[in-house]
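First the proteins, then the strands, lettered A, B, ... as listed; each starts at 1. Everything numeric here is computed off the predicted structure, so don't read it as measured data.
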Protein chains: 2
Amino acid sequence: MNIRSFLSRLPLFNGLPEEDLKALAGIVLDRSHAAGESIFTEGDRAAGLNIVFSGRVKIFKLASNGKEQILHIMGPGEPFAEVPVFQGGHYPASAEAIEASRVLFIPRDGLTDMIRRNPALALDMLAVLSRRLREFASTIENLSLRGVPERLSAYLLHLSDLAGGSAEFELDIKKGLIANLLGTTGESLSRVLGKMSQAGMIRVGGKKITILDRAALADVAAARQALD
Amino acid sequence: MNIRSFLSRLPLFNGLPEEDLKALAGIVLDRSHAAGESIFTEGDRAAGLNIVFSGRVKIFKLASNGKEQILHIMGPGEPFAEVPVFQGGHYPASAEAIEASRVLFIPRDGLTDMIRRNPALALDMLAVLSRRLREFASTIENLSLRGVPERLSAYLLHLSDLAGGSAEFELDIKKGLIANLLGTTGESLSRVLGKMSQAGMIRVGGKKITILDRAALADVAAARQALD
DNA sequence: GGAATTCCTTGATCTGGGTCAAAAAAACGG
DNA sequence: CCGTTTTTTTGACCCAGATCAAGGAATTCC
């Protein structure tokens, strides 16, 4: 897949005229990152928009004591680091490749020019940021108002949805990362998974999860039912 | 102050041509809300953008057990509920007037038309959403990676900055609301304020706060120093 | 301006989930 | 494929901060 047709397939750039698409492909930088390699660090001066071409990237905040909170895990086709393009000029969080990845980089000026010329792109971009605000609002709600069992059941149900509603699916990332995404520790995650298995709601075999009692899991997610 | 000139003074609409400004003033609805009155509820269908004309409004998430997490407190001139204008069509959180308020409402279609016609407005709107994403990222960091004393000292330092760096200032809202904004309870807030006073970092007299040792407070905010 | 309501503080207690440590299980590299 | 490293699990313990309860202090509203 070449970059030009990859870009044209992105929802964000759908409806962009041929010439702009061509211009875009012309100014895009293509960068490769090994697993574990840092892409940028919170506070760095930012010069443009990033898009995952292949692989996976985590966006995270790091505390002084080393604990991390993952904000997003981005996969192929997903844009990230839009914020500094439109406001502030420096990254609000850090990014690291969690597997070997190729990341496209669109310099700021090229992108803003294009937005000025294409109102549809502006509205698409506004929709992207709005979706992200929705996700963040939900993350805040999770961290502040819900416990680890609630968050984990909701996450498992979400993964099942992504897998087309199948009761059986694979955890897409290591458990330690899931813990940091849900705002907890590996130890707690492990214990809660254990309790859910014991309660007969799920079966866990390595990365494979089977949902045995979806209704019970939904009850835990909605805090209608405790775990022990 | 009439609505037309109020709108023209907002950073968001700066640079909008006269005719658009006039059109805007023509389609705006002006709604009054008593203190404690709900403006909208999470999940409601949303039909446009809101802007605080006078008074103050809290945007919040409510848990099933009644606990609330405040996402923002908006004052005069601040737009809110942009998200459903651009994505999803329903409110991601609830809003309530915390004092008698007038709220302007701009119907969705009028606004998106105007954005289509004015690239500068599109970029301003993108900047507004980006700033909000930055704030949310910081809230997530606070909730997940920092303790209540850290969050509170940072908040007090922030209020002092807003007051022009003065060591003496008034809490802008009731302490219970501050607690819900910081993701804690009134009781904990009260105790932490007590410890800070005892440590000689601040003096508290009702709503009046005096910062006695800014450096120490900054150390607590940055988790370089514990409280007891 | 006094009664009623709401807000804040303080004390006692409880608990979810974090930390530390070590074993078990997987994944990886040569 | 075997040894090494990384990840996950399990156990024991601890602690920040929530909850419950009850006074005290402010506001609010006739």
Write down the distance between CD (B:Gln69) and P (D:dA18), rounded to a whole number of angstrom. 11 Å
Quick one: are the ring centres of B:Phe40 and B:His90 less than 6.0 Å apart? no
Round to a whole Å and report the spacing from CD of B:Glu170 to P of D:dA26. 14 Å
Take atom CG of B:Leu145 and atom P of C:dG18, then tell me their distance rounded to the nearest Å. 11 Å
State which of D:dA18, D:dG17, C:dG18 makes the closest approach to the side chain of A:Thr184. C:dG18
Between B:Arg31 and B:Ser101, do the side chains contain a donor N or O and an acceptor N or O under 3.5 Å apart? no
Verify the distance criterion only: is there a donor paired with an acceptor across the side chains of B:Gln87 and A:Ser130 at less than 3.5 Å? no
Checking side-chain contact (heavy atoms from CB on, under 4.5 Å) between A:Lys195 and each of A:Val220, A:Leu152, A:Asp228, which is the one that passes? A:Asp228
Taking only nitrogen or oxygen atoms into account, show me every contact under 3.5 Å that the protein makes with nucleotides 9-12 of chain D, one pair per line with its distance.
unit_1 : atom_1 : unit_2   : atom_2 : d
D:dT9  : OP1    : A:Lys175 : NZ     : 2.9
D:dT9  : OP2    : A:Ser190 : OG     : 3.1
D:dT9  : O5'    : A:Ser190 : OG     : 3.0
D:dG11 : N7     : A:Arg191 : NH1    : 3.0
D:dG11 : O6     : A:Arg191 : NH2    : 3.1
D:dA12 : N6     : A:Arg191 : NH2    : 3.4

Could you summarise the pairing of DNA chain D as dot-bracket text, marking Watson-Crick and G-U pairs under 3.5 Å with ( ) or [ ] inside the strand and | across strands? ||||||||||||||||||||||..||||||
Got more than 12 heavy atoms from elsewhere within 6.0 Å of NZ, B:Lys207? yes
Looking just at side-chain N and O atoms, do A:Thr184 and A:Arg151 make a donor-acceptor pair shorter than 3.5 Å? no
Quickly work out the A:Asn142 CG to C:dG17 P distance and round it to whole Å. 12 Å
How close do A:His33 and A:Glu37 get, heavy atom to heavy atom, and via which atoms? ND1-OE2, 3.2 Å
Nearest-Å distance, CG (A:Leu182) to P (C:dG18)? 11 Å
To the nearest Å, how far apart are B:Glu99 CD and C:dC7 P? 14 Å
Using the ring of each side chain (for Trp, its six-membered ring), is A:Phe6 parallel, tilted or perpendicular to A:Phe53, with breaks at 30° and 60°? tilted
Are A:Phe169 and A:His158 near enough that their ring centres are under 6.0 Å apart? no
Separation of C:dC8 C1' from B:Leu171 CG (nearest whole Å): 12 Å
In whole angstrom, give the distance that lies between atom CG of A:Leu143 and atom P of D:dA16. 20 Å
